[in-house]
Amino acid sequence: MPDETFCAMRQSIIDGAPDTASDLAQQAVAEGIEPLDAITNGFVPGMHAVGEQFGQGKMFLPDMMASAEAMRAAMAVLDPEMKKLGTERPMAGVVVLGTTKGDIHEIGKILVGTLLSAHGFRVHDLGVDVAGEKFAVKARELNADIVGVSALLTTTMRNQRGVVEALVKAGLRPQVKVMVGGAPVTRQWAEEIGADGYAKDAMSAVALARSLMEQKHQSVAEPA
Ligand code: HCB
């Protein structure tokens, strides 16, 4: 895909222009461009630029909301294209996904869910502002293999620890792996709260989920 198209995608997010973002996404699909390529090299860099400008006081909350709307418009076109791939694959595992309590950021989580689905995982998305107990209840109900917890705020990332604790309290920790992510989250933080892994982006989340499934299969094959 030409660089100008990626630049236009990025700009449509900065401008908070849903119609343009949607048109560009449709153009990408029509031209046979990998949807993931359009997302990671076109639209997501726009979200990062918005975050930087907001952090520097050059953009304000309504601008950030308009940008999120534009991102959603692009995803509405590209999501189904990516998910189609998942239906052709064997079931890779069951994942319960959500954004932690007090946090309403959802774009990254949705992207993680889409990519996991595209790679054969059955994903149940609990949405945003989700308490630890709710993760545990759904994980039990679905016999989940993995719980994925997103947090975008330094004030809400501590609630990821609450999810690990809720799983322990429910007696589910031995069979449910926990992966965490979100802009302020680090590998070190994941270790500190007792999660099984950290992923920096959606593709890494797929790789991590696969490796957590391997660990699960190995622990069943070789009981301690
Ligand atoms: Co928001 N916001 N925001 N925001 N926001 C951030 C996160 C700041 C960093 C912006 C800044 O200051 N530079 C900042 C947080 C600062 C901090 O905590 N230190 C911030 C703030 C302050 C706020 C409010 C408090 C603003 C206010 O009200 N004054 C408020 C909080 C509301 C709340 O949650 N209670 C707020 C609100 C909003 C919206 C509503 C306007 C909007 C969200 C809309 C929505 O999601 N529907 C928004 C947005 C869009 C952002 C930025 C600009 C982009 C986030 C995003 O979508 N990124 C963000 C800036 C930034 O993150 N740099 C800013 C793109 C996605 C693709 O990346 O990192 O979310 P991602 O996800 C990746 C990755 O982390 C990983 O894979 C994903 C895909 O590649 N991953 C996982 C994520 N979750 C995972 C889970 C796993 O298990 C594994 C991997």
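Numbering of ligands and ligand atoms starts at 1, following listing order. As the structure is a computational prediction, the values presented were derived from the model and not from experiment. What you see below is based on every heavy atom in this structure, not just the backbone, and it leaves out hydrogens, waters and symmetry mates.
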Any idea which atoms of ligand 1 are less than 4.0 Å away from a heavy-atom of [X]?
| X | answer |
| --- | --- |
| Ala68 | 44 (C) |
| Gly102 | 33 (C), 34 (O), 35 (N) |
| Met65 | 41 (C) |
| Ile107 | 46 (O), 57 (O) |
| Gly182 | 75 (O), 81 (N), 82 (C), 83 (C), 84 (N), 85 (C) |
| Gly51 | 11 (C), 13 (N), 53 (C), 60 (C) |
| Gly148 | 88 (O) |
| Ala199 | 89 (C), 90 (C) |

Inset, instruction - Step through the shown structure and confirm whether more than 12 heavy atoms of other residues, nucleotides or ligands are within 6.0 Å of CE on Met65. - result: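 Check fails, neighbour count at 12 or below.
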
Inset, instruction - May I ask you to check whether over 12 heavy atoms, not counting those of Gln56, lie within 6.0 Å of atom CD? - result: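 It does: Gln56 CD has more than 12 such atoms within range.
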
Legend entry - Closest protein heavy atom (residue, atom, distance) for atom 79 (C) of ligand 1: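 The closest one turns out to be Ala202 N, 3.6 Å.
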
Legend entry - Heavy-atom nearest neighbour of atom 21 (C) of ligand 1 within options Asp103, Leu153, Thr114, Leu116: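 It is Leu153 that holds the nearest heavy atom.
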
Inset, instruction - Would you mind finding which of Ser204, Ala209, Gly108 brings a heavy atom closest to atom 73 (C) of ligand 1? - result: Gly108

Would [X] count as a polar contact of ligand 1, with the cut-off being nitrogen or oxygen pairs under 3.5 Å?
| X | value |
| --- | --- |
| Glu106 | yes |
| His105 | yes |
| Glu52 | no |
| Met179 | yes |
| Ile104 | yes |

Quick one: do [X] and [Y] make a salt bridge, cutoff under 4.0 Å?
| X | Y | result |
| --- | --- | --- |
| Asp145 | Lys177 | no |
| Arg173 | Asp196 | yes |
| Arg72 | Glu106 | yes |

Inset, instruction - Answer with yes or no whether the side chains of Asp201 and Ser204 bring together a donor and an acceptor at under 3.5 Å. - result: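 Ser204 vs Asp201: donor-acceptor pair found between side chains.
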
Legend entry - Any non-hydrogen protein atom less than 4.0 Å away from atom 54 (C) of ligand 1: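 Protein heavy atom within 4.0 Å of atom 54 (C) of ligand 1: present.
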
Legend entry - Sub-4.0 Å protein heavy atom near atom 49 (C) of ligand 1: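 Within 4.0 Å: yes, protein heavy atom nearby.
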
Inset, instruction - Could you establish whether Arg72 and ligand 1 come within less than 4.0 Å of each other, counting only heavy atoms on the residue side? - result: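 Judged by the 4.0 Å heavy-atom criterion, Arg72 does count as contacting ligand 1.
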
Inset, instruction - Would you mind telling me if ligand 1 is within reach of the side chain of Val180, the backbone, both or neither, using heavy atoms under 4.0 Å? - result: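 It is the backbone that touches ligand 1; the side chain stays farther off.
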
Inset, instruction - Please state which part of Val112 comes within less than 4.0 Å of ligand 1, counting heavy atoms only: side chain, backbone, both or neither. - result: side chain

Legend entry - N/O donor-acceptor pair under 3.5 Å between Gln160 side chain and Val149 backbone: yes

